[in-house]
Amino acid sequence: MQDIKELSIEGLIAVLKEWGYPAFRASQIFGWIYKKGENSFSRMSNLPQVLREKLAGSFVSGTVKLREKFISDDGTEKFLFELNDKDLIEGVAIPAESRVTACISTQAGCKFSCRFCASGLLGFRRDLSAAEMIDEALIIKSHCRPKQFSHVVFMGSGEPLDNYENLIKAIRTINAPWGLGIGARRITVSTCGIIPGIEKLAQEGLQVELSVSLHAPDDKTRSALMPVNRKYPIRDLIACCRHYAARTNRQVTFEYVMIKGVNSDLQKALQLSTILKGFDCKVNLIPVNPVSEWGGEPPGKLETLLFRDALIKAGIRVTLRKPRGRDVGAACGQLRLRYEKKA
Ligand code: SAH
């Protein structure tokens with residue numbers, strides 16, 4: 001059965017019209033789901049009983065279940081979700097003063113095999129549907145009170161731009177006033193650099209934030225870390241990001257995971273400033289979070305600071321994330337590091 005969250009409000013209005021109900025019923029139904037977090041049609045008490053039954057016979061809602069929640073010492077919460085086919089995915093809630101950012105997964109597993117990433121180790125299982133992504137956001141929202149659920153980042157497991165149609169559908173619902181009502185500028189898509197996906201996203205007329213996992217300033221190093229670079233090399237990727245920034249009027253963020261002996265020396269910093277020259281972007285440096293199946297380690301403090309300072313000197317806007325609280329699992333740490341600043 002179809003999940004009702006796959007429909008836009010216009011789609012739901014069309015279904016209701018066919019059934020002989022007026023359009024305002026659609027707002028009531030989505031009000032229950034998106035504003036009150038109610039997934040059970042039978043409990044939608046302001047709807048006629050017959051309509052509740054008809055909905056329950058035609059749609060499902062809320063197929064993603066919360067299996068477990070881990071709370072870190074620093075307040076970050078990691079959610080382990082179970083899909084209806086029993087696959088597991090994870091999401092993270094990253095609190096700031098009065099607000100919470102939800103970091104959500106777009107695929108179960110991942111195809112892209114970045115060497116330092118735990119998600120790829122499991123291989124690819126399947127794309128998540130738009131409704132499943134929205135479910136993740138809704139579950140996280142229901143756990144954030146009294147803080148305000150304010151930002152969404154597509155930075156959990158999987159590659160969002162490899163699941164494009166579902167991603168866009170989820171973004172539109174998360175953004176819509178009849179949906180979760182999160183402003184486009186508070187929604188971030190993080191990609192390993194799928195150029196055609198970035199190009200399409202630039203055409204959507206949505207001002208969503210783009211984060212690009214760059215992690216190296218030259219093709220040799222990047223291809224060794226991220227096989228996707230062989231298909232979409234750095235020069236083309238940066239050109240595409242410049243176009244995205246110009247078209248959407250958003251500043252692109254480049255994620256740069258620092259790995260000792262691989263990409264963190266001064267020469268790499270200089271190369272990075274050269275390739276980003278004249279581009280009004282941001283660089284987010286993150287000391288790599290060690291993954292047990294892979295030997296990479298973060299560089300020492302001095303090397304990290306020298307790298308950062310070289311970028312600052314070159315006029316690049318840069319933030320440095322400190323690895324914190326790995327007490328709720330390494331993957332959570334990885335996700336959180338990236339998005340502390342958004343919250
Ligand atoms: N596929 C998307 C989104 C998921 S990965 C992308 O590549 O951007 C989210 C972020 O976590 C990426 O920047 C990724 O490079 C980073 N990441 C993965 N493993 C990490 C690790 N061990 N330490 C630090 N960051 C990591």
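If you read the sequence from its start, that first residue is 1, and numbering goes on from there.
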Quick one: do Leu161 and Leu167 satisfy side-chain contact (heavy atoms from CB on, under 4.5 Å)? Show the steps, please.
-> CA-CA 7 Å; Leu161 298 182; Leu167 172 78; 3.9 Å; yes
Are Asp218 and Lys220 close enough, and set up right, to give a salt bridge (Lys or Arg N to Asp or Glu O under 4.0 Å), and what steps lead you there?
-> CA-CA 6 Å; Asp218 63 276; Lys220 187 161 174 266; over 6 Å; no
Please lay out, stage by stage, how Thr188 and Met155 fare under the test side-chain contact (heavy atoms from CB on, under 4.5 Å).
-> CA-CA 8 Å; Thr188 299; Met155 211 181 235; 5.5 Å; no
I would like to know whether Asp280 and Arg317 meet salt bridge (Lys or Arg N to Asp or Glu O under 4.0 Å); could you show each step before the answer?
-> CA-CA 8 Å; Asp280 184 17; Arg317 208 170 282 111; 3.1 Å; yes
Could you walk me through whether Asp162 and Gln107 pass the side-chain contact (heavy atoms from CB on, under 4.5 Å) check?
-> CA-CA 9 Å; Asp162 184 48; Gln107 295 178 321; 2.9 Å; yes
Apply side-chain contact (heavy atoms from CB on, under 4.5 Å) to Val153 and Val92, showing your working.
-> CA-CA 10 Å; Val153 300; Val92 185; over 6 Å; no
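Between Phe59 and Trp19, the ring planes are tilted. Angles from 30° to 60° get that label. Note: Trp178 and Phe30 have parallel aromatic rings, judged against thresholds of 30 and 60 degrees for the angle between ring planes.
The two atoms that bring Phe112 and Pro227 nearest to each other are O-CD, 3.7 Å, heavy atoms only. Counting all heavy atoms, side chain and backbone alike, Asn46 lies closest to Gln28 at ND2-NE2, 3.4 Å. In terms of heavy-atom proximity, Pro217 sits nearest to Tyr256 at CD-OH, 3.5 Å. In plain terms, the two heavy atoms of Ile187 and Phe154 that are nearest each other are CG2-CE1, 3.7 Å. Heavy-atom minimum distance, Val152 versus Phe149: CG2-CZ, 3.7 Å. Considering every non-hydrogen atom in both Ser61 and Asn39, the closest pair reads OG-OD1, 2.6 Å.
Using a 4.5 Å cut-off on side-chain heavy atoms (C-beta onward), Ser8 and Arg172 make no contact. Taking the side chain as every heavy atom from C-beta outward, Asn263 and Leu272 never approach each other to under 4.5 Å. You'll find the side chain of Thr248 stays beyond 4.5 Å of the side chain of Leu201, heavy atoms only. Residues Ser213 and Ser190 meet the side-chain proximity criterion, which asks for heavy atoms closer than 4.5 Å. For the pair Ile259 and Trp294, the minimum side-chain heavy-atom distance is below 4.5 Å. Using a 4.5 Å cut-off on side-chain heavy atoms (C-beta onward), Pro290 and Pro298 make contact. Side-chain contact between Glu303 and Asp265 is present, with at least one heavy-atom pair separated by less than 4.5 Å. Taking 4.5 Å as the limit, every side-chain heavy atom of Leu285 sits out of range of all side-chain heavy atoms of Thr304.
Note: Met44 CE to Arg52 CZ = 10.0 Å, rounded to the nearest 0.5 Å. Taking NZ of Lys313 as the start and CG of Leu306 as the end, the distance is 10.0 Å to the nearest 0.5 Å. Between the CG atom in Asn229 and the CG atom in Asp236 there is a gap of 9.5 Å [rounded to 0.5 Å]. In this structure, Glu136 CD and Ile174 CD1 are separated by 9.0 Å, a value rounded to the nearest 0.5 Å. Here CG of Leu12 is found 5.0 Å from CD1 of Ile29. Values are rounded to the nearest 0.5 Å. Taken to the nearest 0.5 Å, the OH atom of Tyr21 stands 7.5 Å off from the NZ atom of Lys54.
Between the side chains of Gln203 and Glu199, no donor-acceptor pair is found at a separation under 3.5 Å. For the residue pair Asn284 and Thr319, a side-chain donor N or O sits within less than 3.5 Å of a side-chain acceptor on the partner. Inspection of the Gln148 and Ser150 side chains reveals no N or O donor paired with an N or O acceptor under 3.5 Å. For the residue pair Ser157 and Ser105, a side-chain donor N or O sits within less than 3.5 Å of a side-chain acceptor on the partner. Side-chain atoms of Arg185 and Gln207 include a donor-acceptor pair closer than 3.5 Å. No side-chain donor from either of Glu159 and Thr106 sits under 3.5 Å from a side-chain acceptor of the other. Side-chain atoms of Lys78 and Ser72 include no donor-acceptor pair closer than 3.5 Å.
Under the 4.5 Å side-chain heavy-atom criterion for grouping Ile, Leu, Val, Met, Phe, Trp and Tyr, Leu270 is not connected to Phe279 through any hydrophobic cluster. Neither Tyr34 nor Phe24 shares a network with the other; the hydrophobic side chains, linked directly or stepwise wherever heavy atoms of I, L, V, M, F, W or Y lie under 4.5 Å apart, form separate groups for each. At a threshold of 4.5 Å between side-chain heavy atoms, the hydrophobic network of Ile, Leu, Val, Met, Phe, Trp and Tyr places Phe124 and Ile194 in two separate groups. Cluster membership for Met133 and Val60, using ILVMFWY side-chain heavy atoms within less than 4.5 angstrom, is not shared. The hydrophobic cluster containing Leu302 also contains Leu266, counting ILVMFWY residues as joined when their side-chain heavy atoms lie under 4.5 angstrom apart, directly or transitively.
Enclosure of atom NZ in Lys17 is not indicated, since only 12 or fewer non-hydrogen atoms of other residues, nucleotides or ligands lie within 6.0 angstrom. More than 12 heavy atoms of other residues, nucleotides or ligands lie within 6.0 Å of NZ in Lys35, so this atom counts as buried by the packing criterion.
For Arg126, the side chain to side chain donor-acceptor pair (under 3.5 Å) test picks out Asp85, Glu132, with sequence neighbours left out.
Although no hydrogens or angles enter the test, the distance criterion places a donor-acceptor pair under 3.5 Å between the side chain of Ser142 and the main chain of Ile139. With hydrogens and angles ignored, the 3.5 Å screen pairs a side-chain donor or acceptor of Arg125 with a backbone N or O of Leu88. Without hydrogens or angle criteria, Lys169 side chain to Glu6 main chain gives a donor-acceptor distance under 3.5 Å. Judged by distance alone, with hydrogens and angles left aside, the side-chain atoms of His215 form no donor-acceptor pair with the main-chain N or O of Arg222 at under 3.5 Å.
Screening Val212, Val228, Leu214 for a side-chain contact (heavy atoms from CB on, under 4.5 Å) with Cys192, the sole residue that qualifies is Val228. The only option from Leu311, Thr253, Ile312 that meets the side-chain contact (heavy atoms from CB on, under 4.5 Å) definition with Val283 turns out to be Leu311.
A salt bridge does not link Glu82 with Lys65: every distance from a Lys NZ or Arg NE/NH1/NH2 to an Asp or Glu carboxylate oxygen is 4.0 Å or more. At a threshold of 4.0 Å, the pair Glu165-Lys200 counts as salt-bridged, since one of the basic side-chain nitrogens sits closer than that to a carboxylate oxygen.
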